[in-house]
Amino acid sequence: MKYRVVHNTTYQYATPAEACHNMVRLSPRTMPGQTCLDTSLAIEPAPPRVHSHVDYFGNRVHSFAVMEPHETLSITATGLVQVDRPASALAGSPPWNEVPHHLHHERDDATIDALQYVYDSRYVRAGTALRNFAAPSFPAERPLLRAVLHLTTRIFKDFTYDPKATTIDTSVDVVLNRRRGVCQDFAHLEIACLRSLGLAARYVSGYLRTKPLPDKPRLAGTDASHAWLSVYCPENGWIDFDPTNGCIVVEDHITLAWGRDYHDVSPVKGIVLGAVGSEMTISVDVAEV
Amino acid sequence: MTSIEPATGMSDLGTSGLLERYRGISEHWDEAVMADGSVRPHWQPFIEALSSQSATEFQGRQDLCRRILRESGVTYTSSDRQSHDERLWQLDSWPLLISPEEWQTLSAAVAQRAHVLNLLLADIYGPGKLLRTGDLPPEIVFANPAFTRAAHELRPADGIFLHHYAIDVARSPDGRWWVVGDSTDAPSGAGYALENRIVISRVYPELIRSCRVQRLASFFQQVRDGLLARANVQGREPRVVIYTPGPYNSTYFEQAYLARYLGFNLVEGRDLTVRDERVYLKTLSGLLPVDVIMRRVDSDFCDPLELRTDSLLGVPGLLQAVRAGHVVVANSIGAGVTETPALLPFMANLCRRVLDEELLMPPIATWWCGQEDALETVIDQLDRLVVKQGFARNAPAYLPGQIPKAELIARLRANPHLYLGQEYVALSTAPTWQDQGLTPRHLMIRLYATAVSANEYAVMPGGLTRASNTGESILLSVQPGGGSKDTWVLSHTPPDTVTLLPKRRRSTDLSRAGFILPSRLADDLYWLGRYVERIEFGCRVARCLLNRMTRESELGELAELRFLVNLLVADGRLPPDRSVSDKHEDVLDSAVFDNKNLGSIANDINKVERIAIHVRDRLSVDAWRILTELCDDFSRPKASRGPRADWQLEAMDRALFRLSAFRGQAADGMTRDKGWLFLDIGGRLERVSNLAHLLRHALFRPDAGEGTRLSAVLEIANSAMTYQSRYVTGPEAARVLDLLLPDETNPRSIGFQLATLFQHARTLRAAQTPAQHTPELNLVMNIFTSIRLLDVDALAHVNRKGRRTRAASRLQSYRAAMQELSSQLTRTYLTHVQSSRPLGEPRR
């Protein structure tokens, strides 16, 4: 499957901004099952320079500053991505309850790297309530991936997609109580559940195809960038699940970046100087080509 | 545990008496005396020198300590952010002595440890080999919030991550030293150690020489040279700044002190800006490149773009500048990862791994519960171990029995990696002067090291000894801000000859320019000047009103009162709906004391308080004290006894007295640098504006009450005496105008303010662009000239409609000109001062 992604973020200020510093993670990753064929970034007003580096998690980061007064800032990222993700075999995974021990005792690079996704991070705090919520999906000896899919499906069924219910600072505990939120919240919630069980789970930011395949319902979260999660499975590596759509991730998802939670990978962030009031609009188009 | 009571109430017994009675605490090591009471050899010269002294003389030394500290304003602020409670730094007049042999051991251990920690940081933020081998359990890094992923691979060119290091050590009853903890992010306290030494040098001027106490100056020179050497610059002098979280930080005094001592600018995040991956200091003379940042801000707060988004202390883009290699941050961002006590049990092995050496000083016995065996050990021994949290700074430690055992065990089992168990150390004691006698007090020493290169650390020959406040304390940590002692490291040879103050200065280095003035400071001083003047004007109007209220009411005075209330309304001190028919005491309560009224004087005083704390460095100790008292007066609950107008009047008198004292301090106690210039410009500009406003209101519509109005004007403008000395008759418009407008001999006149502003604008221009007229100079010159050419009689002219339109429009134009001058100054000098905030984050 080949996609063209166009992602625009525009800030409109009530009074001109004197300057702004920005950092974006808008280049799709190249990884097993996904190849980024082409990517570009257009910024208005054009900054004198755009710097680029790869972050701790391997994501491509672009940073730039606009040091002249401006009333709007527009960032457009375009990407051409090939996605050929094989469907995962759910049955072949090890019993979930063996995984925590594996994570703490194996010393290969992949496991050591996975270990850091076991612990709390800024937006994800593990806890008893989360563990209790996850428990019915995790009877002893159930293969890990099957258990995670079970939990993913439960979140999809039990929770309501509601952009008004939460803000970026709403904790996963509150999301759990209210049974409402957006894809970011559901991803954080499921990550918190998995970490509460001693499993390694990371946050993935990316996109969904805008138009559904024939005979398939339109997916939620297509009008903007999307978020889901990935779980570490000792034999299979990292496998992605999308609680907002209740599915295992195959070819409808395009991965931008991953980290411990939203804070590590937010696609666009910035600091503005001098402006009062800002309004942000986002548009995302993901077309199959 | 018994302690021998100190000799109390024996005012004139010789010290020999005091010392003979001094004993340590049983089962604890005493630094000065052995169990049998005999003095340890390295203390003997000190004790002998003091043997002839009386308790009164000792008390005199303690009093001297306290006096010097108070005079120098040495403070430690409570770390509680709610209360900015400042307290005087506590220093005991009895130093702690360390023998040359013991120092050899201690300093070698400190240098070694700093070296090991630097190598650990290089691995953690680089290849991560130690995580893979398991020598460093990965959990201790990954679960540690201080591990800053954004700083990964930010490898400094010279391999130095840890530039400044502090370590707490304690001595157990068998005389061995133990590591209590490491400080690797932004270690504090070295400045206090230096300050302690400077005070104690005045208390024992001869003794400190005869005892051969090693000096601290050369260490600080190494700190200074080290920072300068880190700079990656060619062809110009490197610029180093000390980056402070600001005056609300508990050790702000020390940061300001070190900045002065080392000769570096003390800056807040707002003083710095990043452009094209380079860091600049925003100054009156434009942007100046910064090469090295000595960091006292916690890592997490340094860059709101990449680290904590909610940080108000940060510099957006700082990490990117570090990444580009254009600036060196010392210590490197994320260096706090090695502070966790969870690391203590692994240090011996890590030292062998990275240095191939045995660790010279052991840590106090610690078990990190993230390992299964260790967890069981801790649970087995909960009755004797202290349980601490490994990654939460300032988290409470659980003493045995403090919380139910079952609950603690449940917590440990749920999140074992977050906890560790630690043995107690029965801390050693040293003689401390208290209540007219010597008492043993428990102590811990903080030692300091600075990087000479990536594999060589210099250790400060001294330290910050912190002593417990009570004899009972056997806790692991001594309360910060408790007692402190100067730490004397003795030497066999006479101490080096590097002098402390002034440092390294030859006559050719003499500098009168002082520090560069950051724009933010100039801005703060400018507004401080304006607010102080604005408060004074408000207080004068209020006092004028009160004077008339408390006097017997006479005919015609009602108009005067109405004029004054209207003036308060026009000044924005009162909402427009307040009128003269309201009870005057209520009107004044609202205009002066009501914090909720945004235009009130009390509100301006709050602003002054907020600004002043940021410019405290620039003010004299007395000027600062006056402002604090002024603020205290207004925040204190109002007196309830007696008629309200009486205490209101008293409050205004007191406020005006304090304001004039402050002005006196500013005039008499501040260097005439640009900082002072902006303070004064702010005040003068505000005064012109207020006077013009006052005169316009009084003169626009002449009527029968004009005389009394004008006498109020003279009173508010503090010129009534001058007027009376010149004219026998009551106030007349033209004469009042003459006195308050063109008369440059009257320091309260608009003309006088403009003459001064003219001088100031010229001084500013001279520093900026010689030979050119700056816009602000043009502005001031125009209005100054027009005032000199003023025809006062024409100005006082009343037109056919019975109005003084000419005077009104002229006065209005002065006020407008001041507004314009303010914007012009802001544009030219202060534009870099901007507030920042995170951009809205997307929600999906």
Side-chain angles (χ1 to χ4, degrees), chain A residues 9 11 18-23 48-49 51 53-57 63 65 67 73 104 107-109 112-113 115-122 126 128 163 166-168 182-184 205 221 223-227 244 259-260 262-264 266-275 278-280 282, chain B residues 125 128 131-134 137-139 141-145 147-154 270 273-277 300 303-311 314-321 323-324 370-372 391 414-415 417-418 831-844:
Chain A
T9 307
Y11 295 99
E18 290 295 324
C20 68
H21 293 265
N22 299 273
M23 189 152 259
R49 282 219 272 163
H51 303 281
H53 75 276
V54 175
D55 73 8
Y56 176 82
F57 303 98
S63 56
M67 302 306 280
L73 173 70
H104 287 278
R107 285 278 178 259
D108 59 288
D109 285 4
I112 288 182
D113 177 61
L115 187 59
Q116 66 187 305
Y117 300 98
V118 172
Y119 300 107
D120 285 355
S121 51
R122 187 147 313 181
T128 318
T166 55
T167 71
I168 182 66
V182 294
C183 59
Q184 208 172 57
S205 92
D223 47 344
S225 55
H226 188 52
T244 310
R260 290 167 301 162
Y262 173 75
H263 187 264
D264 285 335
S266 54
V268 179
K269 62 176 167 181
I271 299 287
V272 62
L273 280 81
S278 72
E279 202 170 296
M280 183 184 61
I282 300 174
Chain B
Y125 287 105
L131 302 184
R132 276 188 204 88
T133 57
E139 293 89 341
V141 174
F142 291 149
N144 189 342
F147 176 46
T148 311
R149 286 163 177 81
H152 196 250
E153 294 291 335
L154 294 192
R270 297 181 288 153
T273 180
V274 175
R275 297 190 179 211
D276 205 16
E277 303 190 309
D300 223 14
D303 183 350
L305 187 57
E306 294 197 50
L307 304 168
R308 279 184 72 137
T309 318
D310 58 348
S311 168
V315 183
L318 179 60
L319 243 70
Q320 191 58 29
R323 203 169 277 129
Q371 287 179 321
E372 282 142 32
F391 307 120
N415 284 298
H417 66 282
L418 295 182
T831 41
H832 307 311
V833 186
Q834 297 279 352
S835 64
S836 70
R837 63 187 173 80
L839 284 167
E841 304 217 343
R843 292 288 296 163
R844 287 154 282 139

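Proteins come first, then strands; the chains are lettered A, B, ... in the order of their sequence lines, and each starts at number 1.
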Heavy-atom proximity to chain B below 4.5 Å, by part of Tyr117(A): neither
Over all atoms of both residues, closest heavy-atom pair of Arg122(A) and Leu307(B): NH1-O, 3.9 Å
Residue from Arg107(A), Gln116(A), His104(A) passing side-chain contact (heavy atoms from CB on, under 4.5 Å) with Pro138(B): Arg107(A)
Phe147(B) and Tyr56(A), any side-chain heavy atoms less than 4.5 Å apart: yes
Under the side chain to side chain contact (heavy atoms under 4.5 Å, CB included) test, residues paired with Val118(A) that sit two or more places apart: Leu103(A), Leu115(A), Ala200(A)
Segment of Arg323(B) engaging chain A (4.5 angstrom heavy-atom cut-off): side chain
Heavy atoms from other residues, nucleotides or ligands near CD of Glu153(B) exceed 12 (cutoff 6.0 Å): yes
Top contributor to chain B interface from His53(A), Glu279(A), Met67(A) [non-hydrogen pairs under 4.5 Å]: His53(A)
Side-chain touch Gln320(B)/Met23(A), heavy atoms, less than 4.5 angstrom: yes
Closest heavy-atom pair and its distance - Gly270(A), Leu305(B): CA-CD1, 3.7 Å
Nearest-0.5 Å distance that lies between atom OG1 in Thr273(B) and atom CD in Glu18(A): 11.5 Å
From Ile168(A) atom CD1 to Thr309(B) atom OG1, the distance as rounded to the nearest 0.5 Å: 9.0 Å
Heavy-atom side-chain proximity of Arg260(A) to Arg149(B) below 4.5 angstrom: yes
Heavy-atom pair of closest approach, residues Leu131(B) and Ile112(A): O-CD1, 3.6 Å
Listed partners of His263(A) passing ring-ring contact (aromatic ring centres under 6.0 Å, His included), at least two apart: none
Pairwise side-chain contact, His21(A) with Val274(B), heavy-atom cut-off 4.5 Å (strictly under): yes
Residues Arg132(B) and Asp109(A) bridged, charged N to O under 4.0 Å: yes
Side-chain H-bond candidate by donor/acceptor type, Glu277(B) with His51(A), under 3.5 Å: yes
Inter-residue atom distance Glu306(B).CD - Ile271(A).CD1, 0.5 Å rounding: 10.5 Å
Contact class of Glu372(B) relative to chain A, heavy atoms under 4.5 angstrom: side chain
